[in-house]
2 protein chains.
Amino acid sequence: MHYLKFERIPRATISRLAVYVQELEVMEQQGLKVISSEKLAHLCGVNPSQIRKDLAYFGEFGVRGVGYYVHELRGAIRQSLGLDRNWNVVLVGVGNLGRALLRHNMLRKRGFVIVAAFDCDPFKIGEEIAGLEVNCSSKLPESTQEMNVEIGVITTPPERAQRAANYLIEGGIKGIVNFAPARITAPDYVSVEYVDFIHHMFSVAFNITQKQIKGLF
Amino acid sequence: MHYLKFERIPRATISRLAVYVQELEVMEQQGLKVISSEKLAHLCGVNPSQIRKDLAYFGEFGVRGVGYYVHELRGAIRQSLGLDRNWNVVLVGVGNLGRALLRHNMLRKRGFVIVAAFDCDPFKIGEEIAGLEVNCSSKLPESTQEMNVEIGVITTPPERAQRAANYLIEGGIKGIVNFAPARITAPDYVSVEYVDFIHHMFSVAFNITQKQIKGLF
DNA sequence: AGTGCATAGTGAAATTTTTAACAATCACCG
DNA sequence: CGGTGATTGTTAAAAATTTCACTATGCACT
Ligand SMILES: NC(=O)c1ccc[n+]([C@@H]2O[C@H](COP(=O)([O-])OP(=O)(O)OC[C@H]3O[C@@H](n4cnc5c(N)ncnc54)[C@H](O)[C@@H]3O)[C@@H](O)[C@H]2O)c1
Ligand SMILES: NC(=O)c1ccc[n+]([C@@H]2O[C@H](COP(=O)([O-])OP(=O)(O)OC[C@H]3O[C@@H](n4cnc5c(N)ncnc54)[C@H](O)[C@@H]3O)[C@@H](O)[C@H]2O)c1
């Protein structure tokens, strides 16, 4: 019997669950109904035990001898992660990257609804992008409180990231996703995540160098 | 005495080294000459021992009783990661995100030089972005071999990511950074990294949900 | 030169995370 | 309606990673 656990859930587990959801969505589109931990593991590039363990933190979602029902499992994971509802999001910094995010429907499809965008550049304020008017960032704190926004996305230059974060914190935001390559400080009650693709470039460069040293090329 | 180690280096270490470099660059701009592992750790949000351990994989870069010389340490880490040279990069998929990447000088500043961009859309082929002409993706394998390209960046829609990867692999690329939310398969000699910001959105949403359950709000 | 002080480097301990192994259980079949 | 095969959930072992505690060493000051 499975009792609700209050173990701390590894951050790596959360990250993998997101991958599982991704792959489950592909399967669902392909009309696949059932999947075993072994097959899913192979697709996601992990160990099958890992998948069963990750899922065990949240409940029992499979059928022994059969596997997991794709649709059901996707739903279960989404619910476990708190993704079975919409989240109001604001974006700070309407530059190249900010625009790319605003124009894509990827966020909305996953339940993250960008309800406002802010910039400090007077030339950008008033512009309309993807049906959203760019506002002056000084109005941010007020707006987020009014609109019940919980997550802020920072796409300003790195040296402005902390300032953007301060606005968001003042606005009562609970989580920040920072695309600028700069650490920011925030109170404990605010969750901060860093999206830093340069790290991944570094990683690849390092891996290639290593392989070269080891003579694999 | 420090002898060159052939231990496997944790992936997490690489990721942290990238953060250290980031912060060291900020310090250097501020004119700071010396930093202790304790202070750097605080800035990067990690444990001081962790920093010393991470660096120990590559050598001895500090001065006991003093700390690390900022400029020197930055150089040492960059060299350790294989970043003390330029890397030729190609980009596949000139959409919103691809353009944002092409327009930013962030990559070049770090030694990653985008030498060509490819798309399969006839309307985009021939267009010039940031001084680079968009080429037809069918020419990719040939071009990459000619230009001695080692890294490929994928910014196509997810369902096209594997195809893009295949072109890159055919072109003799050694590493791939994939921005599309889709796993890709590649031979062992190709390093693949995934940049998936949706995972970070999930993470933040999950953290907020957890805190709410625990009654922290 | 010697002393004190600060901080890097390092081996061992603690903790966390992953993997392996297996008992439990479900669907299916005769 | 019990046996069979498959695959989960779970416990135990292994591996990896992080943190601690301590030693070594360089610098500044006397
Ligand atoms: N361009 C990319 O492909 C890319 C990819 C990954 C990460 N990043 C990072 O994302 C960030 C943005 O990149 P970009 O290419 O969009 O840069 P950008 O210069 O095009 O855009 C930055 C925007 O932020 C605005 N801004 C500056 N300070 C602000 C403040 N205090 N409040 C509100 N808005 C403010 C600017 O007016 C500008 O519109 C950078 O930190 C960059 O390093 C960029
Ligand atoms: N837009 C964002 O802010 C953002 C952020 C993170 C990740 N992503 C991901 O990055 C990818 C690209 O996003 P986008 O917003 O730029 O999408 P987009 O639709 O604007 O651009 C995709 C481009 O890829 C091209 N393409 C398609 N198939 C191709 C192929 N086989 N070879 C070469 N080019 C091909 C298309 O012609 C198009 O120009 C998507 O997978 C998206 O999920 C986007």
Side-chain angles (χ1 to χ4, degrees), chain A residues 1-20 24 27 32-74 76-77 80 203, chain B residues 1-20 24 27 32-77 80 199 203:
Chain A
M1 192 74 75
H2 183 273
Y3 291 95
L4 192 62
K5 289 168 189 162
F6 275 102
E7 292 177 66
R8 208 185 103 303
I9 292 155
R11 136 168 316 229
T13 291
I14 303 305
S15 174
R16 281 191 299 267
L17 287 171
V19 177
Y20 307 158
L24 288 167
M27 287 173 209
L32 191 66
K33 295 273 183 265
V34 181
I35 185 90
S36 68
S37 60
E38 180 148 358
K39 291 216 187 76
L40 180 59
H42 184 255
L43 283 168
C44 299
V46 301
N47 183 297
S49 297
Q50 182 95 80
I51 292 193
R52 299 202 293 274
K53 188 101 214 203
D54 285 341
L55 296 175
Y57 285 112
F58 298 99
E60 300 186 9
F61 307 125
V63 181
R64 298 181 191 203
V66 177
Y68 301 91
Y69 292 102
V70 173
H71 180 76
E72 206 176 273
L73 181 57
R74 170 171 172 273
I77 297 178
S80 303
S203 239
Chain B
M1 192 78 74
H2 184 274
Y3 292 96
L4 192 62
K5 288 168 189 164
F6 275 102
E7 293 177 66
R8 210 188 106 287
I9 292 155
R11 134 165 320 224
T13 290
I14 304 303
S15 174
R16 281 190 300 266
L17 287 172
V19 177
Y20 306 158
L24 288 168
M27 287 173 211
L32 192 64
K33 295 275 183 262
V34 183
I35 185 91
S36 68
S37 59
E38 179 147 0
K39 291 216 186 76
L40 180 59
H42 184 253
L43 283 168
C44 299
V46 302
N47 183 297
S49 299
Q50 183 94 81
I51 292 192
R52 300 201 294 273
K53 194 71 141 187
D54 285 340
L55 296 175
Y57 285 112
F58 298 99
E60 301 187 8
F61 308 124
V63 182
R64 298 182 191 203
V66 177
Y68 301 91
Y69 292 104
V70 172
H71 180 75
E72 206 175 275
L73 182 58
R74 170 170 171 272
I77 298 178
S80 304
H199 294 191
S203 238

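Protein chains get the first letters and strands the later ones, always in sequence-line order, with residue 1 at the start of each.
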*Side chain proximity check, A:Ile9 to A:Asp54, heavy atoms < 4.5 angstrom*: no

*Separation of D:dT8 C1' from A:Asp54 CG (nearest whole Å)*: 14 Å

*asked:* Quick check: closest heavy atoms across B:Val70 and B:Leu24, and the distance to 0.1 Å?
replied: CG1-O, 3.5 Å

*Rounded distance [0.5 Å steps], CG in A:Asn47 versus CZ in A:Arg52*: 8.0 Å

*Enumerate the residues from residues 36-48 of chain A whose closest heavy atom to DNA chain D is under 4.0 Å, giving them by residue number; use none for an empty result.*
A:Ser36, A:Ser37

*Rounded to whole angstroms, how far apart are NZ on A:Lys53 and P on D:dA15?*
16 Å

*Check the distance between C:dT10's P and B:Ile51's CD1 and give it to me in whole angstrom.*
16 Å

_Heavy-atom side-chain contact between B:Val34 and B:Val63 under 4.5 Å_ = no

_Measuring to OP1 and OP2 of C:dT18, would you say a side-chain N or O of A:Arg16 lies under 4.0 angstrom away?_
yes

*Whole angstrom is fine here: how far is it from CZ in A:Arg11 over to P in C:dT17?*
11 Å

*Report yes if the side chains of A:Thr13 and A:Lys53 come closer than 4.5 Å at any heavy-atom pair, otherwise no.*
no

*Can you tell me the distance, in whole Å, between the CD atom of A:Gln50 and the C1' atom of C:dA21?*
16 Å

*Is any side-chain heavy atom of B:Ile51 less than 4.5 Å from a side-chain heavy atom of B:Arg16?*
no

*Within less than 4.0 Å of OP1 or OP2 of C:dA20, is there a side-chain N or O belonging to A:Arg52?*
no

Please enumerate all protein N or O atoms sitting under 3.5 Å from an N or O of nucleotides 28-30 of chain D, with distances to 0.1 Å.
none

*Within a strict 4.5 Å, meaning less than it, do heavy atoms of the A:Tyr68 and A:Leu55 side chains meet?*
yes

*Please report the C-alpha distance between B:Leu73 and B:Tyr20 in whole Å, then the side-chain angles of each, then the deciding distance to 0.1 Å, and finally whether the side chain to side chain contact (heavy atoms under 4.5 Å, CB included) criterion is met.*
CA-CA 9 Å; B:Leu73 182 58; B:Tyr20 306 158; over 6 Å; no

*Figure out the CZ/P separation between B:Arg8 and D:dT18, and round it to whole Å.*
11 Å

_What is the distance, to the nearest angstrom, from the CZ atom on B:Phe58 to the P atom on C:dT10?_
14 Å

*When the distance from CD1 of B:Ile9 to P of D:dT18 is rounded to whole Å, what number comes out?*
13 Å

_B:Glu38 atom CD, over 12 foreign heavy atoms within 6.0 Å_ = no

_Quick check: do A:Tyr57 and A:Pro10 have side-chain heavy atoms less than 4.5 Å from each other?_
yes

_Base versus backbone protein contacts along nucleotides 25-30 of chain C [heavy-atom cut-off under 4.0 Å; B, S, -]_ = BBS---

